[in-house]
Amino acid sequence: MAVSQAQLKAFHAVAVHGNFTRAAEALFLSQPAVSDQVRKLEERFGILLFHRNKRSVQLTDLGERLLAITQRLFAAEAEAEELLSTSRALETGSLTLAVDSPVHLLGHIARFCDRYPGIRVSLVTGNSDECLRRLQEYKADFALLGRVVEDDGLITHVLSSDPLVAFVAHSHPWAARESIVLADLEDMPMVLRERGSMTRQILEDEMKRAGLGIRPAIEVEGREATFEMVAAGLGVGLVSAAEVGASANVHVLPVRDCLQRMTETLVCLREQGSRRIIETFFEIVRSNGR
């Protein structure tokens with residue numbers, strides 16, 4: 001019993017976009033047409049792929065398993081299409097990058113867009129674990145991770161390695177200091193990134209190595225939220241020196257005895273490394289310094 005490609009595409013679009021309306025827009029079809037394709041797929045095999053309500057849909061356990069397959073299927077389809085159209089010299093297409101911090105890739109992205117203006121580049125942000133998950137789920141072509149990566153299933157390229165620095169509001173008592181040591185952080189309220197953030201992981205490792213504890217004041221998701229909370233005087237933040245920029249809202253303090261550095265590594269799936277668009281972006285990154 002062959003599975004209909006159109007029905008699988010409709011299912012995949014609904015699963016990825018979370019509802020039938022956005023799926024229909026992505027497929028350039030009407031919502032009833034997409035709904036009909038999914039319904040026919042479910043009826044044909046006597047299964048349920050979605051729990052439906054008025055505003056959204058939720059995958060069943062079977063739907064989750066099928067999504068994992070269709071992600072691989074349509075990633076392979078895109079790879080085949082790209083292989084067969086290499087003569088088009090990257091005139092059209094898309095490139096998605098999942099990054100822990102955009103600042104490390106902005107120059108490379110600018111050069112890529114300048115050379116290949118027909119390629120649509122999408123940037124999604126998250127912590128290192130989230131970015132790697134997007135890559136492994138075929139939702140991104142590249143992931144930028146804040147750590148060294150050793151995985152035979154990945155092609156890797158180290159972009160940078162920078163020390164961690166603390167930062168405080170200009171109203172903070174440390175605003176007059178030039179640097180700190182780890183022991184200074186033990187009794188100080190900290191604005192911490194979410195679990196999965198390499199910045200937080202390095203801080204926890206370094207404090208443990210020094211036999212020191214951490215006093216969390218607030219936990220936030222994302223680097224920008226960390227800067228906002230610290231600038232508002234809610235605690236001390238920690239970030240890679242490359243990511244602090246020229247912010248006028250905070251005072252930056254090197255941590256003199258912090259041994260670990262934040263290493264930014266660009267990775268792609270080895271199985272997709274021969275895709276022309278991936279090879280080309282890697283070439284641009286490797287041929288230009290940071």
Side-chain angles (χ1 to χ4, degrees), residues 98-110 123-131 144-149 158-266 288-290:
V99 303
D100 65 333
S101 178
V103 65
H104 303 280
L105 277 179
L106 293 181
H108 303 303
I109 293 172
L123 207 64
V124 293
T125 60
N127 63 45
S128 292
D129 287 350
E130 292 167 343
C131 292
L144 182 62
L145 313 176
R147 59 176 179 252
V148 176
V149 181
V158 174
L159 283 181
S160 63
S161 180
D162 297 287
L164 292 182
V165 295
F167 57 97
V168 296
H170 288 295
S171 58
H172 193 279
W174 288 357
R177 297 180 61 170
E178 294 184 357
S179 64
I180 62 168
V181 294
L182 291 169
D184 292 326
L185 297 173
E186 184 170 36
D187 295 320
M188 191 62 61
M190 299 291 299
V191 178
L192 298 177
R193 288 283 305 278
E194 72 282 3
R195 296 285 179 184
S197 158
M198 282 309 301
T199 305
R200 177 169 179 163
Q201 184 62 56
I202 290 175
L203 172 64
E204 291 177 345
D205 290 346
E206 286 290 289
M207 294 295 278
K208 182 177 181 180
R209 175 186 61 80
L212 302 169
I214 297 175
R215 179 185 165 193
I218 189 169
E219 181 177 300
V220 298
E221 290 191 9
R223 194 167 281 101
E224 292 304 317
T226 306
F227 277 101
E228 291 175 5
M229 296 298 103
V230 170
L234 297 180
V236 181
L238 205 72
V239 73
S240 163
E243 295 163 357
V244 74
S247 174
N249 295 325
V250 296
H251 176 69
V252 179
L253 295 158
V255 186
R256 297 194 302 273
D257 55 347
C258 183
L259 303 182
Q260 293 190 60
R261 298 171 69 89
M262 179 71 81
T263 299
E264 296 291 334
T265 307
L266 184 67
N288 291 276
R290 183 176 144 200

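Below, each value reflects all heavy atoms present in this structure, side chains not excepted, and no hydrogens, waters or symmetry copies.
Side chains of Met262 and His104 form no contact here, defined as non-hydrogen atoms less than 4.5 Å apart. The side-chain heavy atoms of Leu159 and Leu105, taken from C-beta on, include a pair separated by under 4.5 Å. Side-chain contact between Glu219 and Glu194 is present, with heavy atoms from C-beta onward closer than 4.5 Å. Side chains of Val191 and Val220 form a contact here, defined as non-hydrogen atoms less than 4.5 Å apart. At a threshold of 4.5 Å between non-hydrogen side-chain atoms, the residues Cys131 and Leu145 count as touching. Counting heavy atoms from C-beta on, the side chains of Asp100 and Asn127 never come closer than 4.5 Å.
Ion pair Glu204/Arg200 flagged as a salt bridge, since at least one NZ, NE, NH1 or NH2 atom sits closer than 4.0 Å to an Asp/Glu carboxylate oxygen.
By the side chain to side chain contact (heavy atoms under 4.5 Å, CB included) test, Leu259 pairs with Glu206, Arg209, sequence neighbours left out. Residues passing the side-chain hydrogen bond (donor to acceptor under 3.5 Å, both in side chains) test with Ser179, sequence neighbours excluded: Arg256. The side-chain hydrogen bond (donor to acceptor under 3.5 Å, both in side chains) test applied to Glu130 returns no partner, not counting sequence neighbours. With sequence neighbours excluded, the residues satisfying side chain to side chain contact (heavy atoms under 4.5 Å, CB included) with Pro163 are Ala241, Arg261.
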Considering only distance and modelled atom types, tabulate donor-acceptor pairs under 3.5 Å from the side chains of residues 225-237, sequence neighbours left out.
| unit_1 | atom_1 | unit_2 | atom_2 | d |
| --- | --- | --- | --- | --- |
| Thr226 | OG1 | Gly222 | O | 3.0 |

N/O donor-acceptor pairs under 3.5 Å from side chains in residues 180-188, not counting sequence neighbours:
| unit_1 | atom_1 | unit_2 | atom_2 | d |
| --- | --- | --- | --- | --- |
| Asp184 | OD2 | Arg177 | NH2 | 3.0 |
| Asp184 | OD2 | Val181 | N | 2.9 |
| Glu186 | OE2 | Gly213 | N | 3.1 |

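Taking every heavy atom of both residues into account, Glu243 and Ser101 meet most closely at OE2-CB, 3.3 Å. The shortest heavy-atom contact between Phe167 and Val250 is CD1-CG1, 3.8 Å.
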Could you go through Gln260 and Leu164, starting from their C-alpha distance and side-chain angles, then the distance that decides it, and tell me whether this counts as side-chain contact (heavy atoms from CB on, under 4.5 Å)? CA-CA 8 Å; Gln260 293 190 60; Leu164 292 182; 6.0 Å; no

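Thr265 contributes a side-chain N or O that, together with a main-chain N or O of Arg147, makes up a donor-acceptor pair within less than 3.5 Å.
Here Ile202 contributes atom CD1 and Thr263 contributes atom OG1; the two are 7.0 Å apart, rounded to the nearest 0.5 Å. Of the inter-residue distances, the one linking Gln201 atom CD with Arg193 atom CZ reads 12.5 Å to the nearest 0.5 angstrom.
For the side chain to side chain contact (heavy atoms under 4.5 Å, CB included) test with Leu192, the passing option among Thr199, Leu203, Ile218 is Leu203; the others fail.
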